[in-house]
There are 2 protein chains.
Amino acid sequence: MKVLTKNTDYAIRALLALAAKKGCYVSAKSIATEHDIPYQFLRGLLQEMIRHDLIVSKEGVQGGFMIKKDPDTISVTQLIEIFQGKVQVSECMFRKQICANRARCVLRHEIMRIEQVVQSEFEKVTIGKLMRDLEAANQVKS
Amino acid sequence: MKVLTKNTDYAIRALLALAAKKGCYVSAKSIATEHDIPYQFLRGLLQEMIRHDLIVSKEGVQGGFMIKKDPDTISVTQLIEIFQGKVQVSECMFRKQICANRARCVLRHEIMRIEQVVQSEFEKVTIGKLMRDLEAANQVKS
DNA sequence: TTTAATTGATATCAATATAGTATCAGTTAT
DNA sequence: ATAACTGATACTATATTGATATCAATTAAA
Ligand code: FES
Ligand code: FES
């Protein structure tokens, strides 16, 4: 079971790249080559992120993408939702047995509680946080 | 993003059915019809669970499947691992940038921490617990 | 003003995973 | 002997994931 698929993974990496060059337009090509992400695939992801208002773009020579939202407000949960759909444990487990009284279903509550925990854990991990972790890791390295 | 796929979902339901008739052999057919699970699909799942020592079977007329392990020791985590593979957030995020000093990678630690949280939450949910919840729900209903 | 570097939009394809079906051989209670 | 079962395995269909290709529109700069 893979929690993050390639698109989410790539999107996070791309956002980190953009966050590192905040205020500048960075081309998809340079991100693709530097971070080893398939070019056209990446472009699709970037367009999707524009639609979700995380980044902006400029066309033409010297164009590219720029981060728009504050990195600390972009969570992994959000990116999972964009690229993999809302986290849900299962459509509705045990539907046959208990869905008749859905409102009271204890199992359902149990499941929803876990959903909540999973989401809030990922909520804590923002692009901003990852950036700082990354910097710290690089400091230690050198 | 779906956390539980059909096979895990069905397997849980089947185990609950077996747990409710502990000590008896229950046929795949009866489980399939009662719980609305595709028959042949279910049989595959049951065989897999035999291989993992959760249940046993008896061939021939009056044969069927019987739960073997204590329901309280069968966790959803375990079933996810059997049917969807071990929970992993991503193979190795940011590999290009940091895998050189993998041991020190802060991001990796962050990710592994979440992995841990997710797993331990599911660990708490056992077949035994679900059984009791289910009984409680049915009590309230009637 | 032409050109090359870029994004926008969209179509297509391949690989993999998920979901479900079918078949036949072997076992066993009746 | 037979019918109700499981064991084993092959197969098909569909959805998801991952990746590529194409062409029009835009724009900085030669
Ligand atoms: S599982 Fe559907 S309401 Fe409980
Ligand atoms: S992501 Fe691979 S070691 Fe950090």
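Every chain is numbered from 1 and lettered A, B, ... according to where its sequence line falls, protein lines coming before strand lines. Only heavy atoms go into these numbers, but all of them, side chains included; no hydrogens, no water, no symmetry mates.
- We find that CZ of Arg13(A) is positioned 12 Å from P of dG18(D), with the value rounded to whole Å.
- One interatomic measurement links the two molecules: NZ of Lys58(A) to C1' of dT6(C), which rounds to 10 Å at whole-angstrom precision.
- The side chain of Gln40(B) sits closest to dT23(C) out of dA19(C), dA19(D), dT23(C).
- Across the interface with DNA chain C, nearest-nucleotide mapping of Gly63(A) and Gln62(B) shows Gly63(A) to be the residue nearer the 5′ end.
- Using a 4.0 Å heavy-atom cutoff across all strands shown, Gly44(B) reaches no nucleic acid atom at all.
- Residue Tyr39(B) contributes atom OH, which lies 14 Å from atom P of dT23(C) at whole-angstrom precision.
- The nearest whole Å value for the distance from the CD1 atom in Ile82(A) to the P atom in dT17(D) is 15 Å.
- At least one donor-acceptor pair closer than 3.5 Å links the side chain of Arg13(B) to the backbone N or O of His35(B).
- Residue-level contact check: Leu46(B) touches neither bases nor backbone, having no heavy atom under 4.0 Å from any strand.
- Proximity note for Thr5(B) (side chain, C-beta onward) versus dA19(C), dA19(D), dA29(C): the nearest is dA19(C).
- Side chains of Glu123(A) and Ser75(A): a donor on one and an acceptor on the other come within 3.5 Å.
- The side chain of Asn7(B) lies closest to dA19(C), out of dG20(C), dA19(C), dT21(C).
- Heavy-atom distances to DNA chain D give each of Phe41(A) and Gly60(A) a nearest nucleotide, and the one nearer the 5′ end belongs to Phe41(A).
- Set against dT6(D), dT20(D), dA4(D), the side chain of Ala28(B) has dT6(D) as its closest nucleotide.
- Lys29(A) comes within 4.0 angstrom of no nucleic acid atom, judged by non-hydrogen atoms across all strands.
- Note: CG (Leu42(B)) to P (dT6(D)) measures 9 Å, nearest angstrom.
- The side chain of Ser57(A) contributes no N or O atom lying less than 4.0 Å from OP1 or OP2 of dT6(C).
- Closest contact between the side chain of Val61(B) and the listed nucleotides dG20(C), dA4(D), dG7(D) involves dA4(D).
- Considering every non-hydrogen atom in both Cys24(B) and Met66(B), the closest pair reads O-CG, 3.4 Å.
- Residues Ala14(B) and Leu46(B) approach most closely at CB-CD2, 4.5 Å, considering heavy atoms.
- Using a 4.0 Å heavy-atom distance criterion, Tyr25(B) is classed as making no nucleic acid contact.
- Residue Asp36(A) contributes atom CG, which lies 15 Å from atom P of dG18(D) at whole-angstrom precision.
- Between Tyr10(A) and Phe41(A), the ring centre distance stays below 6.0 Å.
- Nearest-nucleotide positions on DNA chain C for Thr8(B) and Arg43(A) put Arg43(A) closer to the 5' end.
- What separates CD of Gln84(B) from P of dT16(D) is a distance of 15 Å, to the nearest Å.
- Looking at the side chain of Glu59(A), the nearest of the listed nucleotides dA28(D), dA19(D), dT7(C) is dT7(C).
- Whole-Å rounding puts the Ile37(B) CD1 to dT21(C) P distance at 13 Å.
- Between Asp53(B) and Lys68(B) there is a salt bridge, since a side-chain N of the basic residue sits under 4.0 Å from a carboxylate O of the acidic one.
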